[in-house]
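Every chain is numbered from 1, with letters handed out A, B, ... down the list of sequences.
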Amino acid sequence: MAKGRSVEKPLVRIRGLRFLRAGRAIFDGVDLDILRGGVTAIMGPSGTGKTTLLKLIAGQLRPNAGSIEFAGEDIHRLRSKELYRLRMRMGMLFQSGALLTDLSVFDNVAYPIREHTRLPESLIRRLVLLKLEAVGLRGARDLMPSELSGGMARRVALARAIALDPSMVMYDEPFTGQDPISMGILIQLVRRLNDASRLTSIVVSHDVKETAQIADYIYVISQGRVMEHGVPERLLDSDSAWVRQFMHGLPDGPVPFHYPAQSLEQDLFSGP
Amino acid sequence: MTRQLARLGRAGIQSIERLGRGHLLLLNLLAGLADLALRPTLLIKQLYAVGVLSVAIVTVSGLFVGMVLSLQGYYILSRFGAEETLGVMVAASLVRELGPVVSALLFAGRAGSALTAEIGLMKATEQLAGLEMMAVNPVKRILTPRFFAGFLSMPLLAAMFSAIGVLGGYFVGVGLLGVDGGAYWSQMQANIDLHEDIFNGVIKSFVFGWVCTWIALFQGYDCLPTSEGVSRATTRTVVHSAFAVLGLDFVLTALMFGN
């Protein structure tokens with residue numbers, strides 16, 4: 001997989017994105033390109049709106065200004081029916097898995113296929129088993145979501161996200177709260193599925209080490225704008241002290257260890 | 001003072017916004033009817049969850065309400081020597097008012113709160129967002145079947161409530177208090193009008209079913225996706241439904257039976 005930026009037209013093209021929530025700018029002038037066939041990571045501290053960015057790309061939220069294009073189509077100019085049609089080409093792995101709790105693992109993965117195709121049940125069965133095999137959970141097909149561990153639920157959700165063979169999969173914090181084995185499996189799955197199925201992947205995460213392992217390109221966002229972007233090696237060695245602090249997880253730096261307050265001496269000796 | 005006025009104004013604007021969102025949801029619910037016609041199994045499943053599972057609470061309550069009506073009615077009617085009209089008094093009270101109103105209040109408590117909690121939790125656990133990402137419209141697929149199940153179940157539940165209530169009234173009035181059984185039924189048959197009493201009661205039930213299910217679904221769909229948000233929405237469903245049912249009952253009664 002090429003680690004540089006090519007001149008190929010991006011699958012997702014974001015220009016001048018501005019999004020406000022309760023009067024506060026979550027994004028203010030964000031430009032971002034997601035290239036086809038690669039794994040692009042969007043990283044940043046908690047609360048910077050990474051998940052919001054995925055929802056904007058998926059058309060679940062509307063920006064206040066700017067444009068988001070998917071395969072050349074401006075998502076927020078589409079009619080509801082066209083947007084739903086476009087979403088069939090996107091998959092999304094939610095942080096919680098978002099499995100339908102009243103359906104078994106098999107039925108969860110079969111759900112989008114049954115909804116959007118008229119395939120015979122025998123063929124649906126084969127497709128579902130293949131998708132579950134890809135995430136290593138063919139044997140868990142009869143379990144209910146309540147019987148799955150967090151890592152297994154995310155793998156089932158991943159099988160469901162790729163059920164309709166989308167051209168892009170978005171991962172919302174896929175590694176958060178996972179034990180080392182589950183995390184290792186998920187890291188490997190993201191990369192393997194991307195390459196084997198010729199997908200385009202967007203991984204939103206603040207797990208720097210794990211994400212940098214599999215990403216071809218990284219955008220670091222904070223305070224409503226892109227702080228820096230580039231291949232992982234370049235960002236790990238960035239000129240920006242803030243980006244270096246974030247990428248290496250340093251406890252002190254431009255983002256101070258202490259919450260803003262008056263000096264310790266003043267605080268200790270000025271009180272009653 | 002200015003701050004209080006601003007707060008009042010903000011609350012007013014928020015209420016109007018909620019009302020607008022509620023009506024938009026209603027339009028989307030109705031727009032899903034065509035899809036629902038293609039997938040009747042979704043409706044049948046919800047008729048079971050919303051309607052059949054409410055039968056027990058509605059029939060048991062109907063039985064006791066009928067028994068109490070008969071008891072109270074007998075004491076008053078016997079003062080005027082009019083015990084034979086007990087049947088018509090019990091039946092008229094049930095089919096005109098108590099059947100539709102009490103079963104709607106019970107429906108809001110049993111099925112309405114369950115609908116709000118279910119939809120609210122689906123929102124909190126991102127299941128609704130997950131459906132959208134699978135290019136499935138959650139309003140059409142999840143909410144519309146529940147809406148029409150509530151709308152269709154309510155008159156049936158109210159009819160069961162009234163029928164069991166009439167039987168409860170019979171057990172107490174005829175079985176315990178010695179009212180003549182023939183008079184109980186014949187007075188009822190002669191004085192209960194199909195259009196005036198029964199049809200009007202059924203219309204009330206349809207209205208209450210519509211409103212209670214709409215409120216329940218909107219509260220779930222519009223709630224904050226947190227445990228506290230779902231809990232508040234569930235409470236609001238029961239409170240708003242109760243107000244809506246009692247208020248609408250007055251309006252409908254005035255329209256139907258007023259001169």
More than 12 heavy atoms of other residues, nucleotides or ligands under 6.0 Å from [atom1] of [X]: is that the case?
| X | atom1 | answer |
| --- | --- | --- |
| A/Arg15 | CZ | yes |
| A/Arg138 | CZ | no |
| A/Lys50 | NZ | yes |
| A/Arg114 | CZ | yes |
| B/Arg236 | CZ | yes |
| A/Arg125 | CZ | no |
| B/Arg21 | CZ | yes |

>> Under 4.5 Å from any heavy atom of chain B, what part of A/Leu86 do you find: side chain, backbone, both or neither?
In response: neither
> With a 4.5 angstrom heavy-atom cut-off, which part of A/Ser80 approaches chain B: side chain, backbone, both or neither?
Replying inline: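 Neither part.
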> Of all of A/Met92, A/Met170, A/Gln60, which one pairs up most often with chain B through heavy atoms under 4.5 Å apart?
Replying inline: A/Gln60
> Which of residues 122-145 of chain B have a heavy atom under 4.5 Å from any heavy atom of chain A?
Replying inline: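 The residues closer than 4.5 Å to chain A, in numerical order, are B/Met122, B/Thr125, B/Glu126, B/Gln127, B/Ala129, B/Gly130, B/Leu131, B/Glu132, B/Met133, B/Met134, B/Ala135, B/Val136, B/Asn137, B/Pro138, B/Arg141.
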